[in-house]
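Report on one structure; see the data block that follows.
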There are 4 protein chains.
Amino acid sequence: MAASLNKVFLIGRLGQDPKLAYTTSGMPVVNFSLATDEGYTDKNGKRVDKTEWHRIVVFNKQAEFCANYLSKGRLIFVEGRLQTREWQDQQGQTRYTTEIIASRIQALDPKGTSTTSPNATAPAPEQTEEEDLGPTFPSEVAGMDDAPF
Amino acid sequence: MAASLNKVFLIGRLGQDPKLAYTTSGMPVVNFSLATDEGYTDKNGKRVDKTEWHRIVVFNKQAEFCANYLSKGRLIFVEGRLQTREWQDQQGQTRYTTEIIASRIQALDPKGTSTTSPNATAPAPEQTEEEDLGPTFPSEVAGMDDAPF
Amino acid sequence: MAASLNKVFLIGRLGQDPKLAYTTSGMPVVNFSLATDEGYTDKNGKRVDKTEWHRIVVFNKQAEFCANYLSKGRLIFVEGRLQTREWQDQQGQTRYTTEIIASRIQALDPKGTSTTSPNATAPAPEQTEEEDLGPTFPSEVAGMDDAPF
Amino acid sequence: MAASLNKVFLIGRLGQDPKLAYTTSGMPVVNFSLATDEGYTDKNGKRVDKTEWHRIVVFNKQAEFCANYLSKGRLIFVEGRLQTREWQDQQGQTRYTTEIIASRIQALDPKGTSTTSPNATAPAPEQTEEEDLGPTFPSEVAGMDDAPF
DNA sequence: TTTT
DNA sequence: TTTT
């Protein structure tokens, strides 16, 4: 099947500080959730707030960038692709979790904004190169095997 | 939170014929899965096939278009946004399913291709207008309450 | 020709304050240029700066939003479509200018940032709705008839 | 200026057969125009046809793919970025041409469709890898120096 | 569960 | 200059 496209663009805020982990094969990986605002004005003209949460997965050099320079509350742009992985819960039931495998992460707010964690105080280098991540295996990420959404 | 973006673009093939349903409030809705090809060439130069499946939800006039003119195997373009909804399984456990709420559906292969179902024999009108779906509530779709991924 | 897509996404900074104008038919319109950074690291590891400039055109309510709340230097997100219009220069030669007709404009930096103009001091309302602009006629914009790039 | 995005997505039909050329530095390059349909229904319910033409530039391996397997009338998907280059017309006046530098080209209609040229009869290999083109210099393309839009 |  |  040659004709295919799987592309996601998000702008939103990190729900927590990204924490660096490693896959069983030693690849750096970072997971965090990202909030997008889906608020709208209803028929009565009243503003309704609604937040959508997305699970972001970042590998390799960009994972290290995230761990070093991003933190909870930061506004970022994410380009990536959708991937749904299968896992087993404690009852042995198959579950599915959909994640965005990021190919590009870009901080949008000024450095030092929204930061409570010490890792965000260092000067942030530029991080704009797109990287071909190749096939990724989030399921082999240490400590993620039983993670619910 | 003003700054926000939640955008998905997919090109892929339908896994089954779309079937028209109605939300409890009477809105036309269609669900189908879409396959994107994530095949790649490994380090040994060997081709590895991999398919990613996406759950697509379409409302209103575009839902009727899908039910009337699309069918299993058709190649389509989808523009939409990510939404994760919560549901309870038989054990009373909370589960999450991520779907793409489509705002635009576009058939890419010539009409009449890949069709085995009778609904696809009628001439297909153009269907290119983008429609603001507003807030959507897939959870209120009749018969979807217990649907696993 | 049913199958068609024409979509542009930009994140960049305004080159000047947007100035509100009106088409001959009375539609509010705003034009400004937007800079995207295309810098890269050359083979010698040296950083090369390069800026790409884009002509943005915004109509109707979003035009008024831009005129009222944006200013030179602000970081924004633009979603739109490409359009090339024809015009005649003083020598009577046909020229072409390619513009991005914006369907969505979103400020990304905190309100009050980078602002030197008085129009940006008022509190900015949210501006996230996508608006179907319909067919647009930049050529009928008063004072744009002879505008070079 | 770290935060930046310059992304274009197009689905349309080739206006002519792509012809392979080489930059002065020996890079394969292909130029062709792509038509997107901007037709709409006016207030009287009458269908208005409108076509937008885009200049596409493709480099390296993807240029060879285009020259070998694409032809006039084929439906393709293009992912790329906007670039405006400066050139001098016969009167010595500076002119600007905006092009889409493609990073990914994908044929959407079945192989062998719409082909009148002999180069499209060979079996088409898959061509889905995204390629980092790096900085590109369309201005140095042989024979393009004086090309009007 | 699609397709080439 | 494409196509349905």
Worksheet item: Is there a side chain to side chain donor-acceptor pair (under 3.5 Å) between B:Gln106 and B:Arg104 once you walk through the steps?
Response: CA-CA 7 Å; B:Gln106 177 100 62; B:Arg104 188 180 168 204; 2.4 Å; yes
Item to complete: Starting from P on F:dT4, measure out to CG on D:Leu14 and report it in whole angstrom.
Response: 14 Å
Worksheet entry | Between P of E:dT2 and NE2 of B:His54, the distance in whole Å | 15 Å
Worksheet entry | Integer-rounded Å distance: E:dT3 P and B:Leu108 CG | 15 Å
Discussion item. Nearest whole Å is fine: how far is F:dT4 P from D:Lys72 NZ?
Written reply: 13 Å
Fill in: ring-ring contact (aromatic ring centres under 6.0 Å, His included) against D:Phe77, all qualifying residues, sequence neighbours excluded
D:Phe9
Discussion item. To the nearest 0.5 Å, what is the distance between CD1 on D:Ile56 and CD1 on D:Ile101?
Written reply: 9.0 Å
Fill in: Separation of F:dT3 P from D:Arg47 CZ (nearest whole Å)
18 Å
Worksheet item: B:Arg13 side chain: which of F:dT2, E:dT1, E:dT2 is closest?
Response: E:dT2
Practice prompt. Look at the side chain of B:Trp53 and decide which nucleotide, out of F:dT1, E:dT1, E:dT3, has an atom nearest to it.
Written response: E:dT1
Worksheet, complete the sentence: In whole angstroms, the gap separating P of E:dT4 from CG of B:Asp37 amounts to 12 Å
Item to complete: Give the rounded distance in Å between these two atoms: OH of B:Tyr69 and C1' of F:dT4.
Response: 15 Å
Discussion item. Taking salt bridge (charged side-chain N to carboxylate O under 4.0 Å, His left out) as the definition, give me every residue that meets it alongside B:Glu64, ordered by chain and number, with sequence neighbours left out.
Written reply: none
Worksheet item: Separation of B:Arg55 atom CZ from E:dT1 atom P, in whole Å?
Response: 16 Å
Fill in: Closest nucleotide among F:dT2, F:dT1, E:dT2 to the D:Ala35 side chain
F:dT2
